[in-house]
Structures are given as structure tokens and as C-alpha cells.
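Contents: one structure, followed by commentary.
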Amino acid sequence: MSNSDKAQEKKKFAGVFLDEISKSPLTVTILAIFSGLVLGGLLVAVTSEDVYAAVRVSFGETLRVAWDAAWRTYKALFIGSVGDPARIMAAFQSGDAEAIRRAVNPFFESLVQSTPYIFAGLAVALGFRVGLFNIGAEGQLFIGATTTVVVALFLKGLPAIIHVPLALLAGFIGGGFWGFIPGWLKAKTGGHEVINTIMMNYIAFRLSEFLLRGPLKNPEGYSPITAEIQDSAKLWRFFESPIRFHIGFFIALFCAYLVYLLLFKTTWGFTLRTVGSNPHAARYAGMNIVKSTVVAMFLSGGLAGLAGANEVLGVNHNLAVAFSSGYGFDSIALALLGKSHPLGVVLAAILFGFLRNGAIQMQLTAGIPIDIISVLQAAILAFIAAPAIIRTIYRLKEPEMDLDTITLRGWGGN
Amino acid sequence: MAETVANNHLTYVSPTRQRVMGVVFLGIGVVLWFLFARDVAPDALTTYRLTPGGSAQELPNWVFPTLPMLNFLIIFSIGLGAYQLVRGFGKRTNLVLGLVTAFFIFGFLSWATSGGSLNLAGLFRSALVKAVPLTIGALSGVLCERSGVVNIAIEGMMLTGAFVGAFVGSVTNLWIGLFAAVLSGGVLAAVLAVLSIKYKSDQIIAGTVINIFATGITSFLSAKFLQKYQYLNDPGRFPTIKIPVLADIPFVGPILFQHNMFVYALYFFLIALTVGLYYTRWGLRTRSVGEHPKAADTLGINVYRTRYISVILGGFMAGFGGAYFTLGSVGRFDEVMTAGRGFIGLAAMIFGNWNPIGSFGAGLLFGFFDALSAKVAILKVPIPSEIMLMFPYLATMIALAGVVGRGQMPAADGQPYEKE
């Protein structure tokens with residue numbers, strides 16, 4: 001009797017730590033990412049032709065080849081996103097500046113890819129905190145990029161210190177306006193922001209398409225693309241070619257810090273969060289829900305607009321049709337992954353940036369289509385959205401209270 | 001006036017709305033004059049051809065002088081507007097709104113065609129064809145949302161259906177391909193159902209998961225296999241079937257009854273779903289679960305089972321709509337080929353007020369603008385096709401804002417049900 005008690009006591013003691021881990025929401029997040037990567041590996045193995053050839057040999061051979069295929073894929077992903085350690089070592093030993101730049105480029109390129117993700121992720125996260133589902137980051141990004149490119153192209157003779165902030169501001173206002181409309185419609189008419197932002201995405205695509213085929217098209221070219229922006233509007237790059245790492249990354253981090261301050265350190269942010277978590281209580285407390293909704297959607301759209309501005313001013317230096325390729329949509333997944341917290345969003349954005357950049361290299365070296373990262377993201381997002389799946393698979397304990405569940409209001413907008 | 005303030009809120013027309021609508025009708029008349037009538041030469045003629053391309057029958061062209069027709073439309077619109085302001089059409093306001101909108105479109109077309117000719121029958125036929133995937137997508141949405149589950153994953157389900165249809169159709173035959181496409185839509189819908197009904201995760205997030213997944217997996221598999229082995233992406237298409245007697249009706253026949261099986265399936269689904277939802281026990285139960293699940297549960301209706309069935313049926317429908325792209329229209333799969341039509345389907349469902357016939361109407365309207373945008377280049381009208389293509393989205397936003405009357409959305413749409 002006492003023996004078993006003692007054993008239980010011991011088990012309890014050792015288990016406290018495990019218990020704590022198993023209840024932590026962070027564990028679910030990490031396991032969700034891990035499970036997503038495992039599923040991605042399985043997908044690679046299942047669709048590999050070598051594996052089917054190996055089935056004819058033996059079961060063991062099949063497993064070995066499948067493992068090999070998944071391993072090669074993730075190795076290519078790692079080297080593509082962080083860089084090849086051996087190559088970096090060799091470059092530093094040789095001391096050739098250009099060789100070093102080429103060797104460390106993958107790492108910095110990943111940060112370049114992360115930058116729009118930080119902006120767009122913050123946009124979606126800010127919306128979530130106010131109970132709004134801004135699915136329109138993609139459209140706001142397009143409009144922000146368009147307004148930015150107008151300022152960056154046609155304003156001439158300004159010093160960079162004025163031109164760059166002005167171009168960024170244009171992107172912020174452009175995207176903000178595109179977010180303001182659904183926010184205003186939601187507040188005034190109750191039209192659900194999910195539907196309105198989806199519709200406005202497509203309006204934005206068509207609008208930018210129209211502008212790029214007409215008024216904004218480079219007069220010297222035939223393709224729907226603008227001319228190169230003024231030198232004074234380009235975001236400053238830290239290194240020489242081929243490293244494209246630019247100051248936008250730090251602007252994004254600064255924005256994340258501002259969003260953190262706004263949400264968690266000001267009365268105003270408290271109002272926004274209250275409106276998000278409990279609109280009835282907020283109304284009872286005399287908070288202005290209409291204003292919160294409109295302002296939050298404006299800020300959210302503005303942040304998404306900055307993502308577009310960042311791509312124009314820092315990376316592409318022009319604007320082309322369909323230049324964004326899904327930053328706005330991916331940002332929904334990463335905002336959820338980051339638990340709608342600015343720090344979480346930054347971490348998730350960096351993860352997504354590395355994944356994306358690695359996947360581009362993976363496509364070239366391992367022949368795995370880049371679209372696999374969408375599958376990874378969907379799997380991770382599914383596990384985040386339904387943490388019960390992860391808890392069941394890994395036999396985690398149910399937390400006492402799930403504070404991180406995203407609460408959104410239904411179609412009816414009440 | 002006493003009649004318009006009627007016994008229940010559904011037929012009540014507020015005085016503000018009456019006035020707004022009156023001004024809208026007047027406005028359309030004025031715009032017709034300002035934009036079009038002033039611009040037309042007095043002796044210009046408009047020619048409409050009434051035989052679609054590839055049809056056996058020959059109908060004479062419809063030729064009329066442009067200006068008198070426009071003047072007639074203007075006077076009629078202004079007359080309707082004046083009546084609306086003074087007396088009001090009451091319950092029939094929406095009908096009149098539809099009529100005036102049709103006037104506007106007809107006036108625009110007549111002005112654009114003035115001095116040239118336009119194949120009106122071809123335009124209508126093309127509008128119907130373009131409406132097919134939109135309407136089937138909308139019907140998928142109707143099935144899901146009537147039971148209280150928001151489905152923004154129509155796009156993803158259709159894309160998957162398109163891929164599976166093309167792939168399986170190439171390996172086997174068209175009908176098995178179609179069956180597999182329908183099934184694949186159902187599988188994704190089952191995921192949506194489990195996530196949103198069992199795990200009670202947010203339905204919009206669950207839908208987003210499916211959309212991202214569908215885009216990823218179809219592009220991945222397409223890049224890995226279909227582009228490499230062309231014979232895996234060559235399913236062929238369902239043939240056009242001419243319905244014996246009906247297709248010979250002048251004008252209407254070739255537009256409605258000379259299509260492939262998808263169009264006829266659409267007619268069937270429209271009737272079946274309308275009857276099913278509004279005249280059967282199953283429909284009543286499904287709608288009650290979407291409106292007030294707790295009350296339905298109290299009466300012994302299994303809320304979860306009803307929702308599972310509706311969502312999976314909706315998935316079958318979306319998969320069928322997806323198969324249209326590969327097996328009915330293009331004959332091969334291209335990456336992201338649905339290009340947002342699932343979302344326009346969602347819009348058509350909202351615009352059509354969550355009911356099958358309304359969705360079809362909205363689908364036709366959106367399809368019409370899609371078809372028209374392809375013709376504006378020929379008509380040399382100074383409106384870029386991109387602007388024309390914005391119309392469905394703008395119309396949906398306006399409809400949602402309640403300018404034309406607030407839609408009757410299922411009350412429990414999007415809310416997970418927790419049995420107590």
C-alpha cells in the first residue's frame with residue numbers, strides 16, 4: 001500500500017515538469033510544426049518515384065528509400081534557407097569577400113522573405129485581437145504596393161531621408177484605406193468583414209492589373225510592369241550584391257514593437273482587446289465599438305500595405321502583376337501560429353520566411369515543387385486550429401483553461 | 001401606404017428605403033441619358049444577332065434605331081422612379097429594381113452596339129456557361145450554410161475536384177473521373193465538418209486550412225506528375241448533347257438546351273435542392289438546425305448528424321463543380337485554374353440570399369458580366385475589361401451592406417453547436 005503510494009509520489013514529482021510542459025500552449029505549437037514537417041516528409045516519400053521502384057525490391061528497401069527522399073528534401077530545405085555550413089567555412093577561409101557574400105546569402109535571403117510576412121502577419125494578428133478576421137491582407141498589400149509605387153516613381157528630386165518615409169506612408173495609407181472600407185461597412189451595416197475583405201481582394205487584383213496595363217505601365221516596355229522606382233525611394237541595403245537584405249526587416253521589427261506597445265501597454269489597446277474578446281462587456285463599459293472596429297481595420301490594412309511597400313521599395317524596385325504570390329494568405333496561418341501576439345508573429349514569420357526561401361532552393365536542387373510549403377502550412381494550421389488533435393496524438397493533458405482560443409464572431413456580425 | 005406597412009417585418013418597406021429606391025430609379029434614368037443618349041447619333045442603328053454560333057437555325061437580326069430605344073428606356077425608368085417616390089411599389093420594389101437594372105444594362109449594350117452589331121444570343125449562352133461553376137459553387141455553400149456551417153472552402157474543394165477529375169479521368173474514363181472528383185470534394189468537406197463540428201474550431205479558419213491545403217497539394221502533384229507525363233492530364237471532355245425537341249425552340253433553344261451534361265445537371269440540382277430544402281422533412285430539419293440548433297435538438301433532431309450530412313453533400317456538390325473546369329470546359333488541369341471562382345460562388349450564394357434559385361440568378365448576373373467583359377474589347381467601349389470584372393464583387397458588397405435589402409442569413413450560421 002505504502003509502497004505504491006511512494007511510487008506514485010515519485011511519479012508525481014517527476015511528472016510535475018512533464019505535466020507543466022504538456023499543458024503549455026507552446027508545446028502544442030511546437031508539436032504542430034513538428035507534425036506538419038513529418039506529414040510533409042511523408043508526402044515527399046509517397047510521391048517519390050524511387051520509392052515505388054523500391055517497393056519491388058523489398059519492404060526494408062522501400063523504407064530506406066522513402067527515408068532517403070524525405071531526408072534529402074529537408075536537407076535541401078535547410079541548405080537553401082540557412083546556407084551550406086561547409087561552403088560558408090570554405091568561403092571564410094579563402095577570405096574572398098564575394099565568395100563569403102554568396103555563401104551566407106541564403107540566410108539573409110530568408111530574412112528578406114520573412115519581412116513581408118512580419119508586416120502581413122501583424123496585420124492579421126491585430127485584426128484577430130479585435131475579433132476581426134482580416135482575410136484581405138493580400139488585397140491591402142496590393143493596394144499598398146500600388147500607392148507606394150506611385151509615390152516612389154513620380155516624385156522626383158527628393159532626398160532619400162524624406163522620399164523613403166513618404167513612400168512607406170503612402171503604402172500604409174493605401175492599405176489602410178482598403179482595410180478601412182470593410183471595417184466601416186462592418187461597423188455601420190454589419191456586413192461581415194470576411195466576405196467584404198474577400199471581395200475587396202479581388203477588386204484590388206483587378207484594379208492593380210488595370211493600372212499596370214494602363215497608366216502605370218513602363219512606357220518603354222510591353223509587359224504589365226512599372227519602370228524602376230527612383231533611387232532615392234529605395235530601402236537601404238546593408239551589403240553588396242547578391243545579398244538583398246535591407247533595412248525593411250528592422251522597420252518590420254520596429255512595427256511589431258509598436259503593435260505590442262499599442263495592444264498591451266495603452267488604454268486604447270486595452271479597449272481594442274476588450275472589444276475583441278467580449279464585445280458585450282465592451283459595450284457595457286461604454287467603449288466605442290464602431291470606432292474600435294474601424295480603427296483596427298485601418299491599422300490592420302495599413303500594416304498589410306506596408307508589406308507591399310516593403311516589397312516594392314526593398315526587393316523588387318518595381319511593381320508587376322501578381323508580384324505577391326500569397327504573402328497575404330499565408331499570413332493568416334502565421335498569425336494563428338504566433339497566437340496573434342507580436343512576438344509570436346515575428347517568430348512565425350521568420351519560420352515561414354526560412355521555409356519559403358528554402359523551398360525555392362529545394363525546388364531547384366531536390367526537384368520538390370515549392371507548393372509543398374502550402375501543404376505544410378495547411379497541416380500546421382489545422383493542428384493549431386484544432387489543438388485537440390495534437391493532444392490526442394501525443395497524449396497531452398487538457399489545459400484547465402484555453403485562453404488562446406481565437407474567438408470570432410459569426411457571419412451575422414453581432 | 002397602409003398596405004405597405006404590412007403585418008410582418010418581411011414585407012415592411014421603410015419610408016427611407018422607399019425614397020432611396022425612388023432616387024435610384026430616377027438616377028438610372030438620368031445616367032442613361034447623361035452617359036449614353038447624349039452620345040448617340042440620331043440615325044444610328046443597333047443590330048442584335050439572335051443566333052448563337054454553331055447553331056443550325058437562322059433567325060433574322062433584330063435591328064432598331066438606338067436613340068428612340070434609349071429615350072423609351074429613360075422615360076420608363078424615370079416614370080417608375082416618380083411612381084416609387086409618390087406611391088411606392090411596396091413589396092414589388094425589388095422586382096422593379098431588377099427591371100430598372102435590366103433597362104440599364106440593355107441601354108448600355110444598345111449604346112455600345114450602336115452603329116455595329118452584337119450577337120445577343122451568343123452573349124446569353126456564354127453567360128449561362130460561365131454561370132455553371134459559379135452556381136454549383138453557390139449551391140454547395142447553400143447546403144453547408146443552411147445547416148449552420150460556414151463554408152469558405154468552396155474554392156479549395158472545387159480546385160481539388162478539378163484536379164482529381166482530370167487525373168482519374170485520364171487514367172480511367174470521364175464518368176469515373178467525375179465520380180472521383182465528387183468524392184474528393186466530399187473528403188475535404190468531411191475534414192471541414194470534423195474540424196468545425198467535432199473539434200469546434202473556428203469555421204473560417206477550418207475553411208482557410210482547406211483552401212491553403214488544396215492549392216498546395218494540387219499544385220504540388222500537378223508540378224510533379226501532370227506536367228511531366230502529359231497523358232495523365234488528358235481526360236477529354238463531356239460531349240455536347242442537343243436535347244431533341246427543346247433545342248429547336250427559336251432563340252431560347254440553342255441558349256438553354258444545347259450544352260454538355262453539366263448544364264443539365266445544374267438544372268436538375270436547382271430543382272432538386274429547392275424542392276429538397278423547402279418541401280421535404282429533410283429540408284425543414286436542415287434549415288431548423290441552421291436557424292436554431294438548440295430548438296431543433298430539443299425536438300429530437302440530431303444536430304451533429306444533420307450538419308455532417310449537409311456539409312458532406314455540399315462537398316460533393318463543390319467537387320462536381322470542380323470537375324466542370326477540367327471535364328466540362330477546358331479538358332486539362334492547370335495550376336490554380338479555378339482562379340477565385342469558388343469565392344465568386346460564395347458571393348453568388350450571399351447575393352442570392354442563401355437560396356438555390358436566388359444563387360442561380362446571381363450566378364447568371366455574374367456570368368453575364370464575365371461574358372460581357374470578353375466582348376467589350378470587340379465593342380470598342382471605353383471600359384476596360386478589368387473594371388467590368390469587378391462587378392460581381394462590388395455587387396456583393398453592396399448587397400451585403402443592405403442597400404438593396406438585408407439578406408436572410410441562417411441565424412446560427414458559423415456557430416459551433418455545443419450539446420448541453
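Numbered from 1 within each chain, the chains take letters A, B, ... in sequence-line order. Since this is a predicted model, take the numbers as computed values, not measurements.
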Once you round to the nearest 0.5 Å, how far does [atom1] of [X] lie from [atom2] of [Y]?
X	Y	atom1	atom2	result
B:D202	A:F133	CG	CZ	6.5 Å
A:I373	B:F220	CD1	CZ	12.0 Å
A:D371	B:T215	CG	OG1	9.0 Å
B:E386	A:F205	CD	CZ	14.0 Å
B:M349	A:I195	CE	CD1	6.5 Å

Could you tell me which non-hydrogen atom of [X] sits nearest to which non-hydrogen atom of [Y], and how far apart they are?
X	Y	value
B:L195	A:A382	CD2-O, 4.4 Å
B:I204	A:I135	CG2-CD1, 4.4 Å
A:A333	B:I212	CB-CD1, 4.4 Å
A:M199	B:F343	CE-O, 3.9 Å

Any residue meeting side-chain contact (heavy atoms from CB on, under 4.5 Å) with A:R72, in chain and number order, not counting sequence neighbours: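 For A:R72, the residues satisfying side-chain contact (heavy atoms from CB on, under 4.5 Å) (neighbours in sequence not counted) are A:D50, A:D68, A:A69.
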Side chain to side chain, [X] and [Y], heavy atoms closer than 4.5 Å:
X	Y	result
B:I217	A:L43	yes
A:T47	B:F225	yes
B:Y393	A:I198	no

Side chain, backbone, both or neither of [X] within contact of chain A (heavy atoms, under 4.5 Å):
X	answer
B:L394	both
B:F213	both
B:I210	neither
B:A206	neither

Heavy atoms from other residues, nucleotides or ligands near CZ of A:F177 exceed 12 (cutoff 6.0 Å): no
Which atoms of A:L207 approach chain B - backbone, side chain, both or neither, heavy atom under 4.5 Å: both
Heavy-atom proximity to chain B below 4.5 Å, by part of A:I203: both
Selection from A:I332, A:I389, A:L185, A:I372 maximising heavy-atom pairs under 4.5 Å formed with chain B: A:I389
Partner chain A: residue of B:I387, B:V194, B:V209 with the largest heavy-atom pair count (under 4.5 Å): B:V209
